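Chain identifiers are assigned alphabetically (A, B, ...) following the order of the sequence lines, protein sequences preceding nucleic acid strands; residue numbering begins at 1 within each chain. Here the structure is a predicted model, which means the values were calculated and not measured.
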Amino acid sequence: MYPLLHVADIAAHEGQEVTLHGWLHHRASKGKLHFLKLRDGTGIIQCVVFKGNVTPEVFFEADHLPQETSISVRGLVKKDQRSPLGYELDVRDLTVIARPSQEFPLGHKEHGVAFLMEQRHLWLRSQRQTVVLRVRATVVKAIRDFFDERGFTLVDAPIFTPAACEGTSNLFEVPYFDLGKAYLTQSGQLYMEAGAMALGKVYCFGPTFRAEKSKTRRHLTEFWMVEPEVAFMDLEGDMELMEQFVSSVVGKVLAKHEQELVTVLERDVSKLKNVVPPFPRITYTEAVEVLQKAGHPMKWGDDIGGDEETVLASAYDRPVMVHRYPAAMKAFYFKKDPKDPSVALGCDVLAPEGYGEIIGGGQREEDLATLEAAIAHHGLPKEAFEWYLDLRRYGTVPHAGFGMGVERCVAWVCGLHHVRETIPFARMMERITP
RNA sequence: UCCCCAGUAGCUCAGUUGGCAGAGCAGGUGACUGUUAAUCACCGGGUCGCAUGUUCGAGUCAUGCCUGGGGAGCCA
């Protein structure tokens with residue numbers, strides 16, 4: 001058994017008698033007619049049951065079905081301006097596949113966040129969540145298409161790693177046979193550098209784990225990240241790649257989902273339509289001056305916190321690129337600016353509207369001796385990075401890359417308050433079920 | 001790890017100086033030929049997060065704990 005027809009394709013069947021399979025999303029009754037909203041995953045269609053068009057048994061049952069009853073409905077496809085879909089089904093027969101054994105926990109009224117997250121497996125059936133998940137799927141495809149179309153090769157990074165890429169804190173530890181401990185990856189970057197030396201332009205795309213005890217709307221312990229890495233690319237090239245990438249992803253989401261973003265998520269898409277290159281660029285030093293003038297008590301060398309990010313980003317109508325952070329704030333592998341070694345050749349992309357950092361990246365240090373000194377300076381065990389240092393021993397070249405968090409990107413594009421809605425089953429500090 | 005907030009019906013919440021446990025929605029029964037979170041009538045629904053204490057009496061006050069939410073640090 002496989003449904004021959006889905007709600008999304010109903011327009012092509014106007015005037016025909018069809019059978020649809022799905023779940024009862026909502027029911028309302030008015031005397032001699034009942035209104036059933038049928039949800040099949042591709043859309044929602046209103047099915048109208050007139051008393052005269054069906055048997056008395058079907059008419060009675062149609063008014064006594066609980067929400068989320070699985071049903072198949074046979075009826076005539078009719079055009080109707082009163083329907084948001086443009087069509088409704090004039091019902092001739094209705095078969096119950098399975099009646100819920102208990103009342104469906106999620107009504108059509110408001111619910112609290114904790115309750116919704118406990119019912120996440122059922123919450124996914126809501127129209128809002130299905131739109132968000134479809135946008136996520138489009139973002140994922142747009143990411144892959146962007147790199148595939150530009151000659152990048154997908155190189156999968158390992159999930160078990162022997163040590164931290166950027167230090168040992170914030171890592172999930174797992175036992176690993178006789179070898180002691182392994183850690184869940186928090187970045188595929190070092191492996192992508194190896195990939196770039198082999199294939200030139202590469203990217204990895206997969207889950208990433210951070211044991212940060214962060215309880216904020218921007219954090220998950222398990223999230224998806226795409227990390228391109230390119231040989232013979234400097235920071236300027238990296239920043240051009242970032243802005244082309246972000247605008248491409250946003251453009252593809254708009255092309256496919258503008259209607260849903262507006263009607264279901266109430267997203268102001270005019271703000272997304274501004275997202276075209278070139279993005280504004282300011283140095284960290286300039287950013288500090290801007291923030292100081294805006295009255296933020298910070299000095300050069302301080303981190304740009306969440307509030308500061310929002311102030312900075314709100315000055316522009318598209319994502320802003322902040323580059324050349326103090327070298328001391330950045331990981332050991334960042335290349336320092338030859339013109340000013342106090343700053344690193346790194347760049348963060350801050351999304352507008354308070355969504356914060358969606359991309360972090362930069363140019364890597366390609367010189368062996370400089371990198372060895374940086375590892376020592378950061379107090380990292382050199383043995384763990386011998387394979388990484390080999391990349392500098394055998395034909396090292398300038399290279400750069402970045403990482404983008406999928407969930408923060410989807411939250412921004414959808415205009416969501418919290419990243420937990422952008423992933424099917426969120427993993428957070430205080431929540432691992434369902 | 002730290003700071004702030006919340007926990008009362010299936011859900012969202014109200015509950016006055018400490019004095020009989022409440023509403024809306026959801027659910028059930030019925031009315032209604034155009035509902036979009038329909039409307040109307042009636043009905044059922046409680047370990048007030050847990051524990052201890054104060055008190056004649058605690059949903060309400062105190063202490064501790066648990067759970068969740070928001071934020072800081074850190075980060076995508």
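The separation of B/U16 from B/C56, taken at their P atoms, amounts to 22 Å, rounded to a whole angstrom. A gap of 26 Å separates the C1' atoms of B/U54 and B/G46, to the nearest Å. Taking atom P in both B/U60 and B/G53, the straight-line distance is 15 Å, to the nearest Å. Straight-line distance between the P atoms of B/A14 and B/G24: roughly 16 Å, to the nearest whole Å. A gap of 49 Å separates the C1' atoms of B/U17 and B/U35, to the nearest Å. Straight-line distance between the C1' atoms of B/G44 and B/G10: roughly 13 Å, to the nearest whole Å. Separation of the P atoms belonging to B/G27 and B/C11 is 15 Å when rounded to the nearest angstrom. Taking the C1' atoms as reference points, B/G45 lies 13 Å from B/G22, given to the whole Å.
Salt bridge annotation for A/Asp90-A/Arg92: present, with a cationic side-chain nitrogen under 4.0 angstrom from a carboxylate oxygen. Ion pairing of A/Glu14 with A/Lys78 is absent here, as no side-chain N (NZ or NE/NH1/NH2) approaches a carboxylate O to less than 4.0 Å. At a threshold of 4.0 Å, the pair A/Asp148-A/Arg144 does not count as salt-bridged, since none of the basic side-chain nitrogens sits closer than that to a carboxylate oxygen.
Figure legend: A/Arg281 and A/Phe279 shown without cation-pi pairing, the cationic atom not lying both under 6.0 angstrom from the six-membered ring centre and within 45 degrees of its axis.
Between A/Lys215 and B/G71 there is no side-chain N or O to OP1 or OP2 distance below 4.0 Å. Distances shorter than 4.0 Å separate some side-chain N or O of A/Arg217 from OP1 or OP2 on B/G71.
Rounded to whole angstrom, the span from the CD atom of A/Gln127 across to the C1' atom of B/U36 amounts to 11 Å. The interatomic distance linking A/Asn170 (CG) with B/C74 (P) rounds to 11 Å, in whole Å. Following rounding to the nearest Å, A/Glu357 (CD) and B/C74 (P) show an atom-to-atom distance of 12 Å. Atom P of nucleotide B/G70 and atom CE of A/Met429 are separated by 12 Å, given to the nearest angstrom. Nucleotide B/G10 holds its C1' atom 13 Å from the CD atom of A/Glu118, rounded to whole Å. Atom P of nucleotide B/G10 and atom CD of A/Gln119 are separated by 13 Å, given to the nearest angstrom. Atom CD1 of A/Ile304 is separated from atom C1' of B/A76 by 16 Å (rounded to the nearest Å). Taking atom CZ of residue A/Phe334 and atom C1' of nucleotide B/C75, one finds them 12 Å apart after rounding to whole Å.
Note on A/Leu106: nothing from the nucleic acid sits closer than 4.0 angstrom, heavy atoms only. Heavy atoms of A/Gly107 sit nowhere under 4.0 angstrom from any nucleic acid atom. Backbone-only engagement by A/Phe115 is indicated by non-hydrogen atom pairs under 4.0 Å involving sugar-phosphate atoms exclusively. Looking at heavy-atom distances under 4.0 Å, A/Glu212 makes contact with a base. Using a 4.0 Å heavy-atom cutoff across all strands shown, A/Asp303 reaches sugar-phosphate atoms only and no base atom. Residue A/Met404 is classed as having no contact, given no heavy-atom separation below 4.0 Å to the nucleic acid.
Between A/Glu430 and A/Val406, the one whose closest nucleotide on RNA chain B sits nearer the 5' end is A/Glu430.
Of the inter-residue distances, the one linking A/His25 atom NE2 with A/Ile45 atom CD1 reads 13.5 Å to the nearest 0.5 angstrom. Between the CZ atom of A/Arg218 and the NE2 atom of A/His418 there is a distance of 10.0 Å, given to the nearest 0.5 Å.
Applying the Watson-Crick and G-U wobble criteria (two distances, each under 3.5 Å), B/C20 pairs with nothing in any strand. When both pairing distances are held under 3.5 Å, B/U67 makes a Watson-Crick or G-U pair with B/A6. Across the strands present, B/U33 finds no partner; the criterion is a Watson-Crick or G-U wobble pair with both atom distances under 3.5 angstrom. Across all strands shown, B/C61 pairs with B/G53; the Watson-Crick or G-U wobble distances both stay below 3.5 Å. Base pairing annotation: B/C42 forms a Watson-Crick or G-U wobble pair with B/G28, both donor-acceptor distances under 3.5 Å.
Annotation: proximity of residues 311-329 of chain A to RNA chain B (heavy atom, distance under 4.0 Å) is found for no residue. RNA chain B is contacted by A/His418, A/Arg420 of residues 413-428 of chain A, taking any non-hydrogen atom closer than 4.0 Å.
You'll find the side chain of A/Leu33 stays beyond 4.5 Å of the side chain of A/Val49, heavy atoms only. Between A/Glu227 and A/Ser187, some side-chain heavy-atom pair lies under the 4.5 Å cut-off. Side chains of A/Val230 and A/Leu241 form a contact here, defined as non-hydrogen atoms less than 4.5 Å apart.
For A/Val113, counting side-chain heavy atoms from C-beta on, the closest listed nucleotide (B/U1, B/C75, B/G69) is B/G69. Checking B/U1, B/C11, B/C75 against the side-chain heavy atoms of A/Arg408 singles out B/C75 as nearest.
Aromatic ring orientation, A/Phe115 versus A/His111: tilted (interplanar angle from 30° to 60°). Classified by interplanar angle (parallel below 30°, tilted 30° to 60°, perpendicular above 60°), the ring pair A/Phe245/A/Phe402 is tilted. Ring geometry for A/His378 against A/Phe332 counts as perpendicular: the plane angle is over 60°, on a 0 to 90° scale with 30° as the lower cut. Taking the six-membered ring where the residue is Trp, A/Tyr325 and A/Tyr284 present tilted rings, their angle falling between 30° and 60°.
On a pure distance criterion of 3.5 Å, a polar donor-acceptor pair joins the side chain of A/His219 and the base of B/C75.
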Counting primed atoms, P, OP1 and OP2 as sugar-phosphate and everything else as base, the B/S/- map of nucleotides 27-35 of chain B against protein heavy atoms under 4.0 Å is S-SS-BBBB
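Judged purely by atom type and a 3.5 angstrom limit, A/Asn53 has no side-chain atom pairing as donor or acceptor with the backbone of A/Phe50. A/Arg427 places a side-chain N or O within donor-acceptor distance of the main-chain N or O of A/Ile432, the cut-off being under 3.5 Å.
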